[in-house]
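See below for the structure under consideration.
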Amino acid sequence: MAEKIKLSNVLASEALPAHLARGVIEERLRSAILDGRLPPGTAVRQQELATLYGVSRMPVREALRQLEAQALLRVEMHKGAVVAPLIGEDAVDTYGLRVLLETEALRQSIPLLDADDIARARGYIQQLENETRHAEIGRLNRLLHMALYSKAHNQKLLRLIENELNEEERFLRFHLSSMGLGKLTQDDHNALVDAACEKRVDDAVQVLEQHLNNGARVIRQYLDSQAAR
C-alpha cells in the first residue's frame with residue numbers, strides 16, 4: 001500500500017547545507033508527489049527526511065507546512081503528514097472559487113501586460129500544442145495562466161491562485177488519459193491571449209469563465225463515473 005513506501009527508496013540520500021535545506025526538501029518532495037513517485041496516502045515522516053538529508057527536523061517541518069499549504073500534503077490523526085488525494089469531491093467547488101479569483105487577477109493584470117508577457121504566454125501555448133507528456137502539460141498550463149495574471153497588483157491573490165493551479169497541475173498529470181481527454185485543444189487559451197493582447201478585458205474574462213466552467217464540468221463527469229463503478 002502507498003503508506004508503506006519508504007522515502008529513501010524514492011528520494012536520494014544527500015547531506016544538505018542548513019541554509020538550503022528547507023527549499024531543496026520542499027522542491028524534491030513536491031516533484032516526487034507531482035510525478036507520482038509518492039502516491040496518495042504515502043506517509044511523509046519528519047525524522048525519516050531529517051535523517052535522509054542530514055538536517056534537523058526544523059527545515060523539514062517548514063517544508064512540509066509549505067506543501068500542506070499547496071494541498072499536496074495533509075495531516076491525518078495517528079499518521080502525521082501524508083500525500084493528499086489527487087482530487088476530492090470539492091474539486092468542482094474549487095473551480096468555482098478559481099473563477100472568482102482568476103477573473104479578478106486577469107482584470108488587474110491585462111492593462112499592464114506588455115509584449116514580452118504576451119510572447120511568453122504564446123510560447124507556452126505553442127509548447128502545449130506539441131506536448132504529449134501529461135506531466136509537462138500540467139506544468140505548462142500553470143505557467144501560461146500565471147503569465148497572464150502576473151501583472152496583478154494583489155500579490156496575495158496571486159499566491160492563492162498559484163496554490164489552486166498547483167492542485168490542477170497535479171490532477172492533469174495523473175488523469176488526462178484516464179479521463180479520456182486525449183489531446184487538449186488550445187482554442188480557449190488562444191482566444192484568451194488574443195483578448196489580453198488587444199486589451200479586451202471583458203472578452204478575456206468571458207473566455208476564462210467559459211474555460212474554467214468547462215473544466216469543472218469535465219471533472220464532475222469524471223467524479224460521477226468513478227462513483228458509478
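Owing to the predicted nature of the structure, the values given are computational and were not obtained by experimental measurement.
Side chains of Q70 and E162 form no contact here, defined as non-hydrogen atoms less than 4.5 Å apart. Looking at heavy atoms from C-beta onward, L49 lies in side-chain contact with L29 at the 4.5 angstrom threshold. Proximity of H153 to S109: side-chain heavy atoms (C-beta onward) are nowhere separated by under 4.5 Å. With a 4.5 Å cut-off on side-chain heavy atoms, I137 and L128 count as touching. Proximity of V55 to I25: side-chain heavy atoms (C-beta onward) are separated by under 4.5 Å at one or more points. No side-chain heavy atom of T42 sits under 4.5 Å from any side-chain heavy atom of R37. Taking 4.5 Å as the limit, some side-chain heavy atom of E129 sits within range of a side-chain heavy atom of N190.
The stretch residues 11-25 participates, sequence neighbours left out, in these salt bridge (charged side-chain N to carboxylate O under 4.0 Å, His left out) pairs: E14-R28, R22-E26. Counting only residues at least two apart or in different chains, salt bridge (charged side-chain N to carboxylate O under 4.0 Å, His left out) contacts with residues 203-216 comprise R200-D203.
By the side chain to side chain donor-acceptor pair (under 3.5 Å) test, E27 is found to be paired with no residue, residues two or more places apart in sequence or in another chain being considered. Contacts of Q47 classified as side chain to side chain donor-acceptor pair (under 3.5 Å), with partners at least two apart in sequence or in another chain: T51. The salt bridge (charged side-chain N to carboxylate O under 4.0 Å, His left out) test applied to R74 returns E76, not counting sequence neighbours. Applying the side chain to side chain donor-acceptor pair (under 3.5 Å) rule to D114 yields no partners; only residues at least two apart in sequence or on another chain are considered. Y149 is linked by a side chain to side chain donor-acceptor pair (under 3.5 Å) to E102, H145, counting only residues two or more places apart in sequence or in another chain. A search for salt bridge (charged side-chain N to carboxylate O under 4.0 Å, His left out) contacts involving D202 returns R107, not counting sequence neighbours. Shown here are the side-chain contact (heavy atoms from CB on, under 4.5 Å) partners of L143, two or more places apart in sequence or in another chain: Y124, R139. L112 meets the side-chain contact (heavy atoms from CB on, under 4.5 Å) test with K151; sequence neighbours excluded. Considering only residues two or more places apart in sequence or on other chains, E164 meets the salt bridge (charged side-chain N to carboxylate O under 4.0 Å, His left out) condition with none of them. Taking P17 as the reference, H19, L20 meet the side-chain contact (heavy atoms from CB on, under 4.5 Å) condition, with sequence neighbours excluded.
When the side chains of ILVMFWY residues are joined at heavy-atom separations under 4.5 Å, either directly or via intervening members, V82 and V44 end up in two distinct hydrophobic clusters. Tracing side-chain contacts under 4.5 Å through hydrophobic residues (I, L, V, M, F, W, Y), one reaches L64 starting from L11; they form part of the same cluster. Taking hydrophobic clusters as Ile, Leu, Val, Met, Phe, Trp and Tyr residues chained together by side-chain heavy-atom distances below 4.5 Å, V75 does not share a cluster with L38.
At least one donor-acceptor pair closer than 3.5 Å links the side chain of S13 to the backbone N or O of L52. At distances below 3.5 Å, not a single donor-acceptor pair connects side-chain atoms of N9 with backbone N or O atoms of I5. K79 places no side-chain N or O within 3.5 Å of a backbone atom of A43 that could act as its donor or acceptor partner.
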Worked check of side-chain contact (heavy atoms from CB on, under 4.5 Å) between L67 and V83 | CA-CA 9 Å; L67 293 167; V83 177; over 6 Å; no
Between R122 and D194, does a salt bridge (charged side-chain N to carboxylate O under 4.0 Å, His left out) hold up when you go through it step by step?
-> CA-CA 9 Å; R122 292 199 191 282; D194 286 346; 3.0 Å; yes
Please step through side-chain contact (heavy atoms from CB on, under 4.5 Å) for the pair L101 and L97, ending with a clear verdict.
-> CA-CA 6 Å; L101 297 177; L97 178 62; 3.9 Å; yes
Do L157 and E104 pass the side-chain contact (heavy atoms from CB on, under 4.5 Å) test, and can you show the C-alpha distance, the side-chain angles, and the key distance before you say yes or no?
-> CA-CA 9 Å; L157 176 62; E104 176 59 25; 3.9 Å; yes
Determine, step by step, whether S150 and L158 satisfy the side-chain contact (heavy atoms from CB on, under 4.5 Å) criterion, reporting the C-alpha distance in whole Å, the side-chain angles of both residues, the deciding distance to 0.1 Å, and the verdict.
-> CA-CA 8 Å; S150 62; L158 289 178; 5.8 Å; no
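Rounding to the nearest 0.5 Å places CG of N130 at 10.5 Å from CG of L140. Expressed to the nearest 0.5 Å, how far CG of D187 lies from CG of L192 amounts to 12.5 Å. Taking CD from Q186 and CD1 from I125, the interatomic distance works out to 6.5 Å, rounded to the nearest 0.5 Å. From R57, atom CZ reaches atom CD of Q46 across 5.0 Å, with rounding to the nearest 0.5 Å.
Other residues, nucleotides and ligands contribute at most 12 non-hydrogen atoms within 6.0 Å of the CD atom of Q206. Shown here is K6, whose NZ atom has no more than 12 heavy atoms of other residues, nucleotides or ligands within 6.0 Å.
The heavy-atom pair separating A204 from A196 by the smallest distance is CB-N, 4.4 Å. Listed here is the closest heavy atom pair of P40 and A84: CB-O, 3.6 Å. Between A105 and I161 the shortest heavy-atom distance is CB-CD1, 3.5 Å. When all heavy atoms of V193 and A121 are compared, the pair lying nearest together is CG2-CB, 4.0 Å.
No side-chain donor-acceptor contact under 3.5 Å links Q66 and E62.
With L208 as the partner, the side chain to side chain contact (heavy atoms under 4.5 Å, CB included) test is satisfied by one option alone out of L148, N213, L106, D188: L106.
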